[in-house]
Amino acid sequence: MITGTGITKVFRQRGGLLGGREVRALRGVDFAIAKGGSVSFIGESGSGKTTLGRIVAGLETCDSGEIVIDGVPMSSLSHRRRQPYFRRVQLIHQDPYSALNPTRTIHQALEAPLRLRAGQTGRSRSWIDDRAEELLAMVGIDPGYVLPRYPHQLSGGMRQRVVIARALTMDPEVLVADEAVSMIDVSLRLGILALLRDLRERLGVGVLFITHDIATARYIGGDGELYVLYRGQVVERGATEKIIADPVHPYTQSLLSATPVLHGLERPGAERVVPREMQREGLPDGGCLFARRCPFATERCESEMPVLGRYGGEGTPAEQEHACFHPQRRAVIPVGVGE
Amino acid sequence: MTAHTAARHPAARDIEARDIAAPGVRIRDLTVVYKTPSGELPAVRGVDLTLAPGTITGVVGESGSGKSTLALSLLNAVQPPGRIAAGTVEIDGLGDVLTLRGEDLRRARGSQVGYVFQAAQNSLNPLKTIGKQLLDLGRSHDVADLRALVRDAKDLLARMGMDGARVLDSYQHELSGGMRQRVGIMLALALNAKVVVLDEPTTALDMITQATILRIIREVHEERGLTTLVITHDVGAVAEVADSLAVMYGGRVVEHGPVTEVLGDAHHPYTQGLIRAIPRLTGDLSLARALPGRPPTLGTLPTQGCVFRERCERRLEVCETDEPMAVNRDGRTVACHATDRHLTLVKRKEFV
Amino acid sequence: MTVIVSPGGAIDPGAAPARSTRATLRRNFWRGVWRVLRRKPSRMAGVVIVAVFALMGVAGPLLYPAQLPRDDNALYAAPSLAHPFGTDFEGTDVLALVITGARYVLLTGLATAVITVALGTLIGLVAGFHRGRWDTLLMRLTDMNLAIPGLPLLLVLSTVWKFESPLEMGLVLGILGWGGIARAVRSQTLSLRERGFIEAARGLGLPTRHIIGRELLPSMAPYIAMNMLIAVTGAVYAQVGLFFLGVLPFESNNWGVMLNLAVFNGGALTTPAALPYLLAPLIAILLLTLGIVLIVDAMDEIFNPRLREE
């Protein structure tokens, strides 16, 4: 079990005569990933989703807030003592091409962490090679083919599977998959997503799935939770299928409306929401963060900032939280032609 | 959305009535080979593709499908170790692009065929303002009225929701990814090219930005009466913007037809598999699955038979030995033995 | 439910067995090196040239007696079959001088290269990887190193130090010359450490020793190897230059000494008789540089598995 409470992060950009600008990447994000569970963070670039993933993986520290791993708050530990905990959270990079060292074979890439693991768990040397083969088989690739090869000899999909296998060498509790399929060929994406789902079921590994493409979050497996992140704030949260079917926050609705419609198979939703302007830097901070772009914003939205909760509204689904004063169900997602 | 949908099935005469200027593009039997240590291998082989005047054609393919090579051929811009080995690319008012050389070719690029490069957001010169780059472009094509060029560019940028004057004064690092993408489109259109090629126009962009860019492409396309080719790996992006859809695999166009028909009732097993493999907001999760195997590379393409057979669930014996011919029926083209076995065999007899 | 993804493509016949041992990797590496060298005739030529010089350095002095024979009847003799490059002022065979002189020159070059590359790489790696205070400190040190005026310092040093051993010479040249490499390696490290695989290694908790030695260093290998080879030529020029200027005592046979004697004693610039005596060491230096430059061209392909295998 890994939880985060009130995670904030501010980046100070250098430059400018006035000594730089502050960018609030995360503004108090709460989340919990249960054993074998899945939590998806959806957001555009600049939403803070990647920063969050890196904080959870221990590659970056938060300015305030607390990450708790197995009941131990990380802020109470020294940098050195934190390491074994953060090792239980493994990051899967977006780019399987840069995530593997081009000068090392797959065998070498797996052997190094496995040797470390063997030392930690008091296992023998022969275990290392067996385990490498076992892990590769687990992620669905032929160890005999892959082990002696260099990364450039493998397809993007295979490399991403190797990256996942390498993450599994540490017997992690949670895999943080940051845009894990965005650089994979379209025909192979579902394979990687199905693998993550499979690992959840078989190993009880939790998955923190980070993406800008909501549709992919459906394929991580059942009972997943979806967090919609906008400029560092969670603006809508609930069960993945529920949010996709019944979004009430205009930003979530904009995201879903922007998902391409496969004309011929689907018809566009009747109430697609298009933001009033494009995302840009320097949008004002006062009031609702989305107010400036929101087609439904009122005066209240400009001055007051909604927090994640329930603001009523016509037929808003239960157990679904939103940060919007005017939640409203709208038919934004495509409808299958046959339905 | 209504204008968009209405334009999806334009009858040919409507287009002629609206804008006679839109040129047609006919690619015939195009073969592009790349020199590798194991000899010259075809990245594009025997491709026939017609871009009807005034339409947007989407070319969809995964890595190694040859889609970018195809796009470069339209400009006769294939670089060594690549070489256009055979075929013609006829553009109305320009003739066969592949026979153009030197100065003629340079003039054609930009003024008649506009091109937005893959990762246009990275293809701007970091040391010059956008306006300076625009003027350079104008001068290199002997534009007499540079003021008009700048005015046009500002209009275009405004069309795309940007402050033209400010953008022209900016360096590329001062613009966001979505803005650079639009600047790339502006530069491709600035010289009033009537044929526009967009290579991965929305890759690496966020969903909302992508939707906006696609809408802009559609609008500008219609306003200016262009013939547009969009190259992408993203079926969704093409579905949003294109009138007709060509699916490439292993250097061949395996299926081509109106976008709603190809997506709604795909004939080729690869197209079917690809559509099943797209993560979607709707549809039954249990029916969705990845295509087995992996996309071919130049080196792993089979030299005979169907290029898709190794990943195909409907392969026949004939697929091992004979390459399927592209068969055209009712405005749809499919190259597959299993889809239309009878017709293919008849067709082959004629050729023997 | 585990679906094994079949490789799909053709498997190259020479594929190693599943469990690649270090030995097979090493064998594959050297096979790859051989393949890369064979790709261009120029590279083979470079290898042959450098090998010949290496042989000269190792075996050269053994071929001749410690005191080279003099022929008082043939001072500044013209090139002939017996003396392909003629003789010097004492009637000693010039070719023999070149061959026996190679050891000192090459040993100095090698020692310099090893020291510059070892120091430069180490300092650059540590500075780039740890950043912060270490970086500031080491880079100031590097700046100081770069600011040392090498030649004047050597001139001063030579007044108190005889540099009898080529290793002493190499040590001095090496200690003076590592700054450039340190800077370059640091900037390489800075860009490499942002790469996914380095971050992944840190996320896995792999020790810093492993990350620097096994992940960073191999990625920089072509670069380091190139610098090392070029450092050899640099060192050869530097010491030949010093001897030529005559600031170092002529304790041993050396190409630089030959140049000095040819110009200042033999008057090679004015009389054609001493010309072969002047040209012989020059040609030797030229050939050695050429050989090294031809090999440098192969470094990228040797250390990049993708380019090596193709």
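Note that the structure is a prediction, hence the values are computed from the model and not measured. To find a chain, count down the sequence lines: A is the first, B the second, and so on, and within it residues start at 1.
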Fill in: Top contributor to chain A interface from R182(B), R215(B), R276(B), M179(B) [non-hydrogen pairs under 4.5 Å]
R182(B)
Item to complete: Step through the shown structure and confirm whether more than 12 heavy atoms of other residues, nucleotides or ligands are within 6.0 Å of CZ on R166(B).
Response: no
Practice prompt. Determine the option with the most heavy-atom pairs under 4.5 angstrom with chain B, choosing from T216(A), V261(A), I333(A), I244(A).
Written response: V261(A)
Fill in: N/O donor-acceptor pair under 3.5 Å between R218(A) side chain and T282(B) backbone
yes
Worksheet item: E44(A) versus chain B, heavy atoms under 4.5 Å apart: side chain, backbone, both or neither?
Response: both
Response to the item:
Pair count under 4.5 Å, heavy atoms only, with chain A: among L214(B), V60(B), L263(B), I208(B), highest is I208(B)
Worksheet item: What part of E241(A) lies closer than 4.5 angstrom to a heavy atom of chain B: side chain, backbone, both or neither?
Response: side chain
Item to complete: Mind checking ring-ring contact (aromatic ring centres under 6.0 Å, His included) for Y251(A) and listing every partner two or more places apart, or none if nothing turns up?
Response: Y230(A), F290(A)
Response to the item:
Answer key: most heavy-atom pairs under 4.5 Å with chain A among A277(B), G264(B), G64(B), P279(B) is P279(B)
Response to the item:
Bottom line for P275(A): the part with an atom under 4.5 Å from chain B's heavy atoms is side chain
Worksheet item: Between A258(A) and A211(B), which heavy-atom pair has the shortest distance, and what is it?
Response: CB-CB, 3.8 Å
Discussion item. Under a 4.5 Å cutoff for heavy-atom pairs, which residue among Q210(B), H233(B), R280(B) has the most contacts with chain A?
Written reply: R280(B)
Worksheet entry | Interface residue of largest heavy-atom contact number with chain A, from D265(B), L291(B), L285(B), under 4.5 Å | L285(B)
Worksheet, complete the sentence: Applying a strict 4.5 Å limit to non-hydrogen atoms, the region of T209(B) in contact with chain A is both
Worksheet, complete the sentence: Here the gap from I275(B) atom CD1 to L265(A) atom CG, rounded to the nearest 0.5 Å, amounts to 5.5 Å
Discussion item. Counting heavy-atom pairs closer than 4.5 Å to chain B, which one of L193(A), T259(A), V274(A), I192(A) comes out on top?
Written reply: T259(A)
Worksheet item: For A288(B), is it the side chain, the backbone, both, or neither that has a heavy atom closer than 4.5 Å to a heavy atom of chain A?
Response: both
Worksheet item: When only pairs under 4.5 Å are counted, which of G43(A), S155(A), G191(A) shares the most heavy-atom pairs with chain B?
Response: S155(A)
Item to complete: Using heavy atoms and a sub-4.5 Å threshold, report which of residues 177-190 of chain A line up against chain B, by residue number.
Response: D185(A), V186(A), S187(A), L188(A), R189(A), L190(A)
